[in-house]
Amino acid sequence: MRSIIDRLITTTLERLRHEGIFSPDTAFVFNVERPRDKNHGDFATNAALVLAKAARLPPRLLAEKIVAALPDTQNDVEKWEVAGPGFINFFLSDYSLHTIIPTIWQAGSQFGHSQIGAGRKIQVEFVSANPTGPMHLGHGRGAVTGDVIARLLQAIGCTVEREYYINDAGAQTLVLGRSVLIRYYALFGRAVTLPEGCYPAEYVVEIAQALRERDGDRWLAAELPAEPPPAVVDFAMAHCLGWIRDDLALLNIHFDTWFSERSLHQRGLIAQVAARLEEKGLIYEGILEPPKGKLLEEWEPRPQRLFRSSQFGDEVDRPLQKSDGTFTYFAADIAYHLDKAERNFDTLINIWGADHGGYIKRVQAALTALTGKPGLLEVRLVQMVNLFRGGQPVRMSKRSGTFVTLREVVEEAGSDAVRFWFLLRSAGANLDFDLELAMAKTNDNPIFYVQYAHARVHSVWRRLAEKGLPPHTVQRDQLARLTEPDERDLLRLLSRFPEVVENAALEKEPQKIPYYLLELAAAFHTYYNGHRILDEDADLRGARLSLIGAVGLVIANGLTLLGVHAPEQM
RNA sequence: GCGCUCGUAGCUCAAUUGGAUAGAGCAACGGCCUUCUAAGCCGUAGGCUACAGGUUCAAGUCCUGUCGGGCGUACCA
């Protein structure tokens, strides 16, 4: 519908160009949008406002001229008007509004999907939590956000791949291995005090027990080794990865690719990427300035191999190799992102915790230097989650190892509530998650409110059958009976759904879907309370059933995009 | 200090990416069930969009500055 209005205006403007109001080289850029205020019609354009200068006319006068030149539009547009500073508002006819109902019934679960992203290949990398422990709430939020961005992009026709980057190389894996080994010794009565920096949490004991169960006393030696045996490290990581996979599965999140950092080392890709940067003259031996504004007692000037990231928009150059010659994590990350870039994606999207924000520029800089494509990598930051229960914050401390895991929360509140709630805020904003509220069966709880609207639609179907009435089918000629303002509100909302999906996908802003669904659910509840669906009048009844059926379908489609169930009964 | 990010009703947050009179929910107050789920609905009240400039026909949104919160700030990942 929007495109029809769009074409209508363009045609009219061309007509005015012939009359000499616009010069031949005037570019017609204008918007057609949905006014927030329904008194302003179904669509409005700012064409007269934007083009007033080119026409050398006051905006309102130009608007009048445009309106006068608009062609006849048969059934679709009932009226138009010039309003405000020079907007042109279009009011759709009832007939045109009603068209959305058969469209929705026909498209079914595909309504809202489109092909505007067809041909685009996009990779979303998310979660990528270190395999050194169970996932916490923040990981869960990143997981849900990434998954839904992927779903949205698929809904507009993109080819999407979900990838998890496993940090299975580096110091923290040894810390895990050492922690497990110490607990393992303790299981055999060989108490060793846990050194500074080791993981104190209970889950480490669990891993140690699993290790003993599998291997018995095989890793017990006369003395605790300085480095944990590689097999122990691998066992511990695999155990953690198992947890992570299980937790993600609980949230119905599945990855296409699990990419191992270690494989980069094994294939020599890191040294290779360093050499490539070297060839381009972007590496040098240097000493970084001490960072300002932060007291660093241990700072000392150190010569390092530095990448000239400052040539590509970063603040300072970044170390690729440590002073002992080994590669930094950053070096591995460059190799990883280059590998992704060479897999022919049109866009790479990373979902990162907000604490990694300072890292974006350097990775983008490296990627730009290596590929020459500055916009390839897009990073979305996800802020932290604060856990509440009945309005009271749940205290957590990572240091003492007392924190609530993602699994505990999902098991208590359920995947639907967790997913919906995590999506309710824009990723950039902190999020308060209240366990009690997320499970409440009242309209304070947004997820319940939306699911209840869907269930109500289905309760009407059940009533229909109980009354012995025939199953419903849409009949176009009945729809003329939908004339109530509440019905028009619903029709307008329904017709917006594909635009909302498109917008949410393009902007990568999943929270637009829950907000839309809340709006639709509210309009439906209002309607349901004020009007009887199963009216005596068969035509009116048919029309209303067609309408609420469409509402039910759209709510279900919206929830499906969020990975949330649409129950038929509460 | 610098970078990123956020600042909107008492609280938690939206706002079609520059559009018209800034919207919801919670909390407060007042109403609606012999009728399809009251697990719901309706109404009242609540605002100098942190502040000051600038760009524009039009600014919560863009640019500059100030104030305030969060995150980050070499050989951790």
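The sequence lines fix the lettering, A, B, ..., with proteins before strands; numbering per chain opens at 1. Fair warning: this is a prediction, and the values are worked out from it, not measured in the lab.
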The correct list of stems in which RNA chain B takes part (3 or more consecutive Watson-Crick or G-U pairs, distances under 3.5 Å) is B:1-5 with B:69-73, B:10-13 with B:23-26, B:28-32 with B:40-44, B:50-54 with B:62-66

Lys/Arg N to Asp/Glu carboxylate O, A/R496 vs A/E519, below 4.0 Å: yes

Between A/D486 and A/Y527 (side chain of the first, backbone of the second, donor and acceptor by atom type, cut-off under 3.5 Å), is there such a pair? no

Backbone N/O of A/C198 and side chain of A/R178: donor-acceptor pair under 3.5 Å: no

Separation of the P atoms in B/G47 and B/G1, to the nearest angstrom: 35 Å

Could you give the distance separating B/A45 and B/G25 at their P atoms, to the nearest angstrom? 15 Å

For A/H356 and B/G72, are the ring centres under 5.5 Å apart with planes inclined under 30°? no

Compare the ring of A/Y359 with the six-membered ring in the base of B/G72 and state whether they stack (centres under 5.5 Å, planes under 30°). no

Roughly how far apart are A/W258 CH2 and A/S263 OG, rounded to 0.5 Å? 14.5 Å

Between protein and nucleotides 42-48 of chain B, what N or O pairs are separated by less than 3.5 Å?
unit_1	atom_1	unit_2	atom_2	d
B/C42	OP1	A/T526	OG1	2.7

If the condition is side-chain contact (heavy atoms from CB on, under 4.5 Å), which residues does A/K467 pass it with, not counting sequence neighbours? A/R463, A/L469, A/R532, A/L534

With sequence neighbours left out, which residue pairs that include part of residues 39-62 of chain A fulfil the side-chain hydrogen bond (donor to acceptor under 3.5 Å, both in side chains) condition? A/D37-A/N39, A/D42-A/R492

Residues forming a ring-ring contact (aromatic ring centres under 6.0 Å, His included) with A/F91, sequence neighbours excluded: none

What's touching nucleotides 2-8 of chain B from the protein side, N or O pairs under 3.5 Å?
unit_1	atom_1	unit_2	atom_2	d
B/G3	O2'	A/K361	NZ	3.4

